[in-house]
Amino acid sequence: MKVHNVEMIGSFVRPEQFPEDGLPEFALAGRSNVGKSSFINRMIGRKAMARISSKPGKTQQLNFYKIEEQLYYVDVPGYGYAKVSKSERAAWGKMIEQYFMGREQLKAVVLIVDIRHNPTADDCMMYDFLKHYNIPVIVVATKADKIPKGKWDKHKKHVRETLEMDKQDPLIVFSSEKGIGFEQAWAEIEARM
Ligand SMILES: Nc1nc2c(ncn2[C@@H]2O[C@H](COP(=O)(O)OP(=O)(O)OP(=O)(O)O)[C@@H](O)[C@H]2O)c(=O)[nH]1
Ligand SMILES: [Mg+2]
């Protein structure tokens with residue numbers, strides 16, 4: 001998709017705050033600092049529309065970005081950041097559950113992992129959660145610019161094995177820095193609109 005028009009609609013926590021225009025939504029999920037906001041920025045061709053945090057664990061709300069009046073990207077706070085209080089973690093869990101499980105417009109979750117490392121236990125839990133609730137998932141292995149191309153296949157295999165991914169679920173090698181995987185990611189999104 002060629003993106004000209006992007007609108008930050010708002011930062012929301014509760015379902016009654018979410019947009020009501022019925023456009024398809026694509027939410028990001030992943031460890032804090034893995035590159036979720038950077039993924040959105042690359043996909044929409046804006047350097048700093050979605051906030052890139054220097055400090056992990058900062059996005060505490062669901063940020064809705066309306067793209068070309070056709071879909072939303074929803075930036076979701078990351079998980080796995082150690083310095084988060086118990087009550088913050090519980091609030092996060094409730095917000096995610098309410099949004100992921102109850103949202104008809106949610107067409108897929110883009111689960112971002114770091115291509116350099118095996119997915120964490122939290123990544124596996126998120127993947128299992130999405131599968132359990134039949135939410136389509138697109139796995140994106142980002143920061144591919146940080147390892148040589150010759151190693152991508154091996155790392156992809158590790159990601160697939162560790163997450164125990166279904167064969168039919170896509171796994172895209174990506175780099176927000178270099179734009180690797182951009183076309184493929186848009187193709188997977190557009191196929192689910
Ligand atoms: N080299 C490289 N760096 C990246 C890439 N994607 C993200 N980064 C860097 O990783 C850091 C975290 O990126 P964010 O996009 O803020 O990560 P996030 O997942 O949104 O983080 P939270 O909102 O805190 O959960 C930033 O310093 C980015 O510049 C990539 O593809 N390549
Ligand atoms: Mg972010």
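Worth saying up front: this structure is predicted, and the values here are computed from it rather than measured. Both ligands and their constituent atoms are indexed starting at 1 by order of listing.
- Under a 4.0 angstrom heavy-atom cut-off, R42 registers as lying outside contact with ligand 1.
- Distances below 4.0 Å separate heavy atoms of G78 from the following atoms of ligand 1: 25 (O).
- In the candidate list S176, P77, G181, A141, S176 is nearest to atom 31 (O) of ligand 1, counting heavy atoms.
- Listed by atom number, the atoms of ligand 1 under 4.0 Å from K36 heavy atoms are 15 (O), 17 (O), 18 (P), 19 (O), 20 (O), 21 (O), 22 (P), 25 (O).
- Cluster membership for V173 and M165, using ILVMFWY side-chain heavy atoms within less than 4.5 angstrom, is not shared.
- Checking V76, V137, L28 one by one against V110, the side-chain contact (heavy atoms from CB on, under 4.5 Å) holds for a single residue, L28.
- Residues E97 and K94 have side chains not in contact (no heavy-atom distance under 4.5 Å, counting atoms from C-beta outward).
- Near R31, the atoms of ligand 1 lying under 4.0 angstrom from a non-hydrogen atom of the residue are 19 (O).
- Atoms of ligand 1 found under 4.0 Å from any heavy atom of T142 (numbered from 1 in listed order, with element): 31 (O).
- Each of the atoms 17 (O), 19 (O) of ligand 1 lies under 4.0 Å from some heavy atom of V34.
- Set against the non-hydrogen atoms of D145, the atoms of ligand 1 under 4.0 Å away are 1 (N), 2 (C), 30 (C), 31 (O), 32 (N).
- I180 and F174 fall into different hydrophobic clusters, where Ile, Leu, Val, Met, Phe, Trp and Tyr side chains are chained together by heavy-atom contacts under 4.5 Å.
- Between W92 and F100, a ring centre-to-centre spacing not shorter than 6.0 Å is recorded.
- Heavy-atom proximity to S175, at under 4.0 Å, picks out these atoms of ligand 1: 31 (O).
- Taking distance alone, with nitrogen or oxygen atoms compared against 3.5 Å, D75 stays at or beyond that limit from ligand 1.
- Taking each of A144, S37, S38 in turn, the one with a heavy atom nearest to atom 20 (O) of ligand 1 proves to be S37.
- Nearest heavy atoms, M49 versus Y65: O-OH, 3.7 Å.
- The ring-ring contact (aromatic ring centres under 6.0 Å, His included) analysis of residues 105-124, with sequence neighbours excluded, yields no pairs.
- At a threshold of 4.5 Å between non-hydrogen side-chain atoms, the residues V139 and D169 do not count as touching.
- Residue side and main chain included, S32 places no N/O/S atom under 2.8 Å of the Mg ion (ligand 2).
- In this structure, Y99 has its ring center closer than 6.0 angstrom to the ring center of F18.
- For atom 17 (O) of ligand 1, the nearest non-hydrogen atom from the set A50, G35, S32, G30 belongs to G35.
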